[in-house]
A.B. asks: 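This is the structure I want to talk about, given as structure tokens.
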2 protein chains.
Amino acid sequence: MDGARRSQADRRARSRSAILAAAARGLSRYGYANLVLDRVAAEAGYTRGALYHQFSGKEDLALAVVAWIEETWTAEVGRLTREVADPVEALLAVARAHAVYCRRDVAGALMTLRTEFAGQDHPVGRAIMKIFDRLVAEYTPLIAAGRERGTLPPGPPPEETARAYLATVEAVVIALAGREPYDAELADRAARGLLGLPPAPAGPAG
Amino acid sequence: MDGARRSQADRRARSRSAILAAAARGLSRYGYANLVLDRVAAEAGYTRGALYHQFSGKEDLALAVVAWIEETWTAEVGRLTREVADPVEALLAVARAHAVYCRRDVAGALMTLRTEFAGQDHPVGRAIMKIFDRLVAEYTPLIAAGRERGTLPPGPPPEETARAYLATVEAVVIALAGREPYDAELADRAARGLLGLPPAPAGPAG
DNA sequence: TCATTTACATACGCGAATGCACGCATGTTA
DNA sequence: TAACATGCGTGCATTCGCGTATGTAAATGA
């Protein structure tokens with residue numbers, strides 16, 4: 001049976017992703033400071049030995065989780081920024097897609113870490129800040145463009161608006177924690193409000 | 001000089017509020033797990049001895065901070081719910097007042113603690129949850145009333161809307177961290193959006 | 001088949017931070 | 001002013017979780 005006899009690379013990869021997933025859930029629930037590596041390893045079906053064999057320590061593990069989330073998020077949500085032509089449509093599409101993305105249990109990880117490391121000087125905090133700043137830098141010109149085109153009314157500076165937009169979409173989705181139709185619906189509403197748009201015409205946005 | 005010769009009760013009260021204020025700032029910046037009592041006491045001008053004389057421990061201190069914030073918040077923001085007659089006006093007034101309230105440095109404490117203890121079973125977490133649930137229970141009927149009067153359009157269930165409203169106002173204000181006119185302006189926009197209202201007529205809401 | 005490497009478990013040392021014991025000095029009451 | 005209470009500082013014990021060193025079984029490669 002090849003089922004029992006696995007290659008080393010395969011074992012390594014399986015262990016790594018199992019630990020990564022457990023760590024992501026743990027970070028989302030408990031945050032960084034309260035994350036106990038023993039629990040993470042146990043929940044993944046291993047001991048701390050396996051964890052330390054794959055990651056150099058707690059910090060490295062958290063950074064790997066952040067990178068992993070960023071990757072999947074970009075593939076699932078972030079790409080919309082480039083694929084949707086109209087800036088306003090793109091912003092609203094991201095809000096709804098983010099709600100869908102966050103229906104899994106990893107949802108809160110980024111927000112938890114961001115609030116935990118806000119105003120600190122920690123590598124993990126810097127990694128999160130960097131992602132967030134990149135998104136702000138990506139959405140700020142979209143808002144500016146929408147206002148120039150006249151599809152968005154004037155309002156507070158685009159950067160401030162972008163920051164509020166991101167924080168809001170994140171918070172709404174977490175507050176509703178996957179209550180299926182309403183998370184996307186309310187994320188959409190909040191985004192429209194922040195951008196100064198009137199309510200959506202009618203019927204819940206699919 | 002009576003300045004040097006203070007009564008015991010006075011000393012106690014001064015120490016207590018100094019420690020409480022330091023703890024509030026510390027919780028807002030570092031959260032509960034990363035809060036070091038030695039630093040709190042030092043920042044207040046004391047040592048841990050004084051702290052343990054006034055509070056039974058870290059948990060008790062955090063609970064006292066939560067109670068203190070709830071008190072000041074209710075006196076400054078929460079009262080609007082009862083003082084403003086129209087439900088929709090009340091909701092928007094609270095959003096703006098919350099932004100103003102959060103311009104002080106204690107702002108993030110409640111949100112930090114709430115995210116830190118979300119999904120845990122910790123006394124501090126329960127205290128925060130209780131406050132939050134009380135607010136949800138207070139705002140849910142306001143939304144329902146607005147919809148019945150026709151001053152609010154229909155939308156997701158009132159409770160979900162109330163939760164999203166609270167989380168949003170909180171998040172927007174923290175994301176903008178006291179950037180003076182825009183925090184209130186964007187909190188107002190987000191609240192309007194969530195409630196399904198059209199944008200405010202014109203001119204930044206004072 | 002045997003040497004070497006790899007995946008993982010187990011055991012230990014260590015620092016950090018909490019909580020509590022005790023001690024001193026300043027108020028309070030008689 | 002003497003006896004006591006209170007605010008507060010200091011030192012100690014304990015806990016907890018991280019990081020590392022060491023051991024073992026399985027896989028690779030000759």
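Quick caveat, the model's predicted, so the values are computed rather than measured.
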A.B. asks: Which nucleotide wins on minimum distance to the side chain of Ser7(B), given the candidates dG19(C), dC18(D), dT28(C)?
C.D. replies: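 The listed nucleotide nearest to Ser7(B)'s side chain is dT28(C).
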
A.B. asks: How would you list all residue pairs meeting side chain to side chain donor-acceptor pair (under 3.5 Å) that involve residues 20-31 of chain B, not counting sequence neighbours?
C.D. replies: Arg25(B)-Glu43(B)

A.B. asks: According to the side chain to side chain donor-acceptor pair (under 3.5 Å) rule, which pairs have a member within residues 53-64 of chain A, sequence neighbours left out?
C.D. replies: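 Listed once each, the pairs would be none.
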
A.B. asks: I need the residues from residues 22-38 of chain A with at least one non-hydrogen atom less than 4.0 Å from DNA chain C; give them sorted by number, or say none.
C.D. replies: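 Those residues whose heavy atoms fall under 4.0 Å from DNA chain C, taken from residues 22-38 of chain A, amount to none.
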
A.B. asks: Going through the checks in order, is the side chain to side chain donor-acceptor pair (under 3.5 Å) test met by Thr72(B) and Tyr101(B)?
C.D. replies: CA-CA 9 Å; Thr72(B) 60; Tyr101(B) 174 84; 2.7 Å; yes

A.B. asks: Arg39(B): what forms a side-chain hydrogen bond (donor to acceptor under 3.5 Å, both in side chains) with it, not counting sequence neighbours?
C.D. replies: none

A.B. asks: Measure CZ/Phe55(A) against C1'/dC8(C) and give the value in whole Å, please.
C.D. replies: 14 Å

A.B. asks: Using atom CG of Leu51(B) as one end and atom P of dT18(C) as the other, report the distance to the nearest whole Å.
C.D. replies: 9 Å

A.B. asks: Can you pull out how bent the helix from dT1(C)-dA30(D) to dA30(C)-dT1(D) is, comparing the axes over its first five and last five pairs, to 10°?
C.D. replies: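 Inter-axis angle at the ends, rounded: 10°.
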
A.B. asks: Let me check something: any side-chain donor-acceptor pairs from residues 17-24 of chain B under 3.5 Å, sequence neighbours excluded? List them with distances.
C.D. replies:
unit_1: Ser17(B); atom_1: OG; unit_2: Ala13(B); atom_2: O; d: 3.2
unit_1: Ser17(B); atom_1: OG; unit_2: Arg14(B); atom_2: O; d: 3.2

A.B. asks: Rounded to the Å, how far apart are Arg39(B) CZ and dT18(C) P?
C.D. replies: 11 Å

A.B. asks: By ring-ring contact (aromatic ring centres under 6.0 Å, His included), which residues pair with Tyr139(A), not counting sequence neighbours?
C.D. replies: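 Once residues adjacent in sequence are excluded, the partners of Tyr139(A) under the ring-ring contact (aromatic ring centres under 6.0 Å, His included) criterion are Tyr165(A).
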
A.B. asks: Give the rounded distance in Å between these two atoms: CG of Asp10(A) and C1' of dC8(C).
C.D. replies: 16 Å

A.B. asks: Report yes or no: is the cationic atom of Arg114(A) (NZ for Lys, CZ for Arg) closer than 6.0 Å to the six-membered ring centre of Phe117(A), at no more than 45° off its axis?
C.D. replies: no

A.B. asks: Quickly work out the Asp60(B) CG to dT18(C) P distance and round it to whole Å.
C.D. replies: 14 Å

A.B. asks: So for Arg48(B) and dG9(D), does any side-chain atom that can act as donor or acceptor lie under 3.5 Å from a complementary atom in the base?
C.D. replies: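 No pair found.
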
A.B. asks: Which protein N or O atoms sit under 3.5 Å from an N or O of nucleotides 4-8 of chain D?
C.D. replies:
unit_1: dT6(D); atom_1: O4'; unit_2: Gln8(B); atom_2: NE2; d: 3.4
unit_1: dG7(D); atom_1: OP1; unit_2: Arg12(B); atom_2: NH1; d: 3.2
unit_1: dG7(D); atom_1: OP2; unit_2: Arg12(B); atom_2: NH1; d: 3.1
unit_1: dG7(D); atom_1: OP2; unit_2: His53(B); atom_2: NE2; d: 2.6
unit_1: dC8(D); atom_1: OP1; unit_2: Ser15(B); atom_2: OG; d: 2.4
unit_1: dC8(D); atom_1: OP2; unit_2: Ser15(B); atom_2: OG; d: 3.0
unit_1: dC8(D); atom_1: OP2; unit_2: Gln54(B); atom_2: NE2; d: 3.4

A.B. asks: Return the set of residues passing side-chain hydrogen bond (donor to acceptor under 3.5 Å, both in side chains) with Thr115(B) (not counting sequence neighbours), or none when no residue passes.
C.D. replies: Thr115(A)

A.B. asks: Return all side-chain donor-acceptor pairs below 3.5 angstrom for residues 128-138 of chain B, not counting sequence neighbours, or 'none' if the list is empty.
C.D. replies:
unit_1: Arg134(B); atom_1: NH2; unit_2: Glu70(B); atom_2: OE2; d: 2.8
unit_1: Glu138(B); atom_1: OE2; unit_2: Thr81(B); atom_2: OG1; d: 3.4

A.B. asks: Who are the side-chain hydrogen bond (donor to acceptor under 3.5 Å, both in side chains) partners of Thr140(A), not counting sequence neighbours?
C.D. replies: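 With neighbours one apart ignored, the set is empty.
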
A.B. asks: Who passes side-chain hydrogen bond (donor to acceptor under 3.5 Å, both in side chains) against Tyr52(A), sequence neighbours left out?
C.D. replies: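 Here no residue qualifies.
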
